[in-house]
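The block underneath contains the structure these notes are about, expressed in structure tokens.
We count ligands from 1, going down the list as the structure has it; atoms in each ligand are counted the same way. Predicted model, so just to flag it, every value in this text is computed and none were measured.
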Amino acid sequence: MFNPQTEIKYLTGVGPQRAELLEKEIGVHTFGDMLTYYPYRYVDRSKVYRIAEIDGNMPYVQLVGQIVSMEPIGEGRSRRLVGRFSDGTGFIDLVWFQGLKFVGKAYKVRTRYLIFGKPTVFNGKLQINHPDIETVEENVDIPEIQGNTFRPHYHTTDRMKKGFLASAAVAKLIGNLFKLITEPLPETLSQWIVDEYHLMPYDEAMHNIHFPTSADSLRRAQARLKFDELFYIQLGILRYAMNRKQKQGGLVFQTVGANFNTFYHDHLPFSLTEAQKRVIREIRQDMRAGFQMNRLLQGDVGSGKTLVALLCSLIAIDNGYQVVIMAPTEILAEQHLETIRGLLSGMPQLRIELLTGSVKGKRRKEILDSLIEGKVHILIGTHAVIEDNVQFRNLGLAIIDEQHRFGVAQRAKLWDKRTGMKTPPHVLVMTATPIPRTLAMTLYGDLDVSVIDQLPPGRKPIHTIHQFLKHMDRIHEAMRTELKKGRQIYVVFPLIEDTEKMDLENLEEGYQQMREAFPEYKVSRVHGKLKSAEKDAEMSRFASGETQILVATTVIEVGVNVPNASVMIIMNAERFGLSQLHQLRGRVGRGAEQSYCVLVTKYELSETTRKRIQIMVDSTDGFEIAEADLKLRGPGDLEGTQQSGMAFDLKIANIARDGQILTYARTAAQHLLDTDPTESLPENLTCWKHLSQLHSDINWGAIS
Ligand code: ADP
Ligand code: MG
């Protein structure tokens, strides 16, 4: 009898040693886990080719024949093992660069093998690198092999392979599992959902995902299981959000009063863009609706989020509440303070204070006292504002800038902490890292999203150029032209923990190079290893125009605003993520001049890297760039998502590609919640039961 809870060691063919491997290496503890360990690809094995038919442009092929000779070739890093393989119609080389010892022992000459791999041509000869190899009994003829269609391939680790648990062995275990399944596997969704979305029944999908009977049933099985996965994530998030809204009231900001109006009519230095107006309306709606606002404000670098934050703050203040604005770094917090104090300089009745780690002693105490007395209207700061001893009289609005740098737990702390009131403050999260819609829906399923999709008028798009390192002289020449016009220039180097020492040396070398190449100009240098006072001093030398070139690590990524700096040179651009490049580039293009961004890379680039650099050259649209990044790298790698609460692994769905299914799944989940809010209709029992079993370990609050 099949029971998904049964420990994996009881499966035929497993036993204690393999059980340990399965548990440790791929997290398979039970029969149920094994069943949902899906193949990562399928190979059509309906055809066996002859070597005479093959050329280097073909995709994966399989061949049957013998290895006629096997010998190591080359020295050092190019050392490899080459097996000459023939089926009587021609020869092809099987090549191994790794595991030579193992391969040398495992495969014998004059033995019949089934070879599987991608043919290529090297030095005019056909070869297959690291082929899959299986023994074929002498008495099996080729038509019998050909009957074997759609082989599943499972991810396995090196340790598993050494324990004789390669993909084919895993497939066999799953075959054993299916032998135990004598009854159809029970449906996991309400029947009306299966019907309405034309889904393949669960039992059929499970069989076909492992052992597809045709290309079409494979496709339908995948769609069904992706739907399941995304449906339950959405159901969890939406149910959590609904409960929260029902349980928790929100502050009602009824009035738009004197502060807002005075600022808007008398002090606003320019007119708002239509996009800014729209998002302010959206936020204003939320803040008077009677439930707690949880809104994500997305807007590309330079789209004017600060002004939106300020106008919303004034509404909170008009209703008698305090505001906190949290930034990820001290420099950014200070810059916010400066900007906001500047904008509000005509309204001295409003008190704005800064609280960071550097604010100490008497000054700190004074601010904390004024805060709890309600004399501070806007508190701007870093993580320091969520320390336990910071208490407000009545916090009404919390604004978190560049949220992706804050952990989820920190965000939660904001409304846990003593804010002077029972009702939690409204929360506005601002980010310049555009999160594609599909990802936002999954990660921040219960956050409402506003988008500033328009830049203030008069900005010239930044001109982006790709240049190879060996043409540094051309770059110097172009730099000189801009310096002569009076512009300033950033030169950015990567700094990654793993390669820190080398990275710092590179930066140091780059700094010396700049000083030699431009003796007539002054060069600043800033990196994360400098003391913060030193860093600030160098930074302000550049900001004030005293130095013309700033050699730096990504410490400048968020923060500094130097409108006269119109050129950004990014060294080793291939080592940066796309979103990071986009953020960096956003440091220029802030003044009236034409700005440039030069991406400097080494000459040999992988295909993916070349594509990434090209996207940067072609596009200045942050959303387009983020979508492309997601497609190229997958959601796990997307900057900022690691910390922002990807509390679940997706086994089969892919956020970058399955947006359509996600939309259906979300609609279905919302419909279920709307039509069965008490979770009691008999036809939905399956769904509710499944939800509580599936995700008992996920903290939905942490995700949203
Ligand atoms: P970000 O969205 O990156 O935080 P900022 O709020 O720093 O952008 O705004 C970038 C620049 O654009 C600032 O100098 C700001 O004063 C200016 N700005 C903002 N809104 C407008 C507007 N409606 N018209 C003209 N300039 C604006
Ligand atoms: Mg900003």
Query raised in the report: Side-chain donor-acceptor pair under 3.5 Å between H466 and T601, yes or no?
Result: yes
Query raised in the report: Side chains of S450 and E282: do they bring a donor and an acceptor to under 3.5 Å?
Result: yes
Query raised in the report: Do E574 and T609 get their side chains close enough for a donor-acceptor pair, meaning under 3.5 Å?
Result: no
Query raised in the report: Is a side-chain donor-acceptor pair under 3.5 Å present for N319 with T255?
Result: yes
Report task. Sort out the contact shell of ligand 1: every protein residue with a heavy-atom distance below 4.0 Å, listed by chain and number. Result -> F270, S271, L272, T273, Q276, D300, V301, G302, S303, G304, K305, T306, L307, P456, R459
Report task. Report the residues that fulfil ring pair (Phe, Tyr, Trp, His ring centres under 6.0 Å) with H426, sequence neighbours left out, ordered by chain and then residue number. Result -> F253
Query raised in the report: With no hydrogens and no angle check, do the side chains of T499 and R575 hold a donor and an acceptor under 3.5 Å apart?
Result: yes
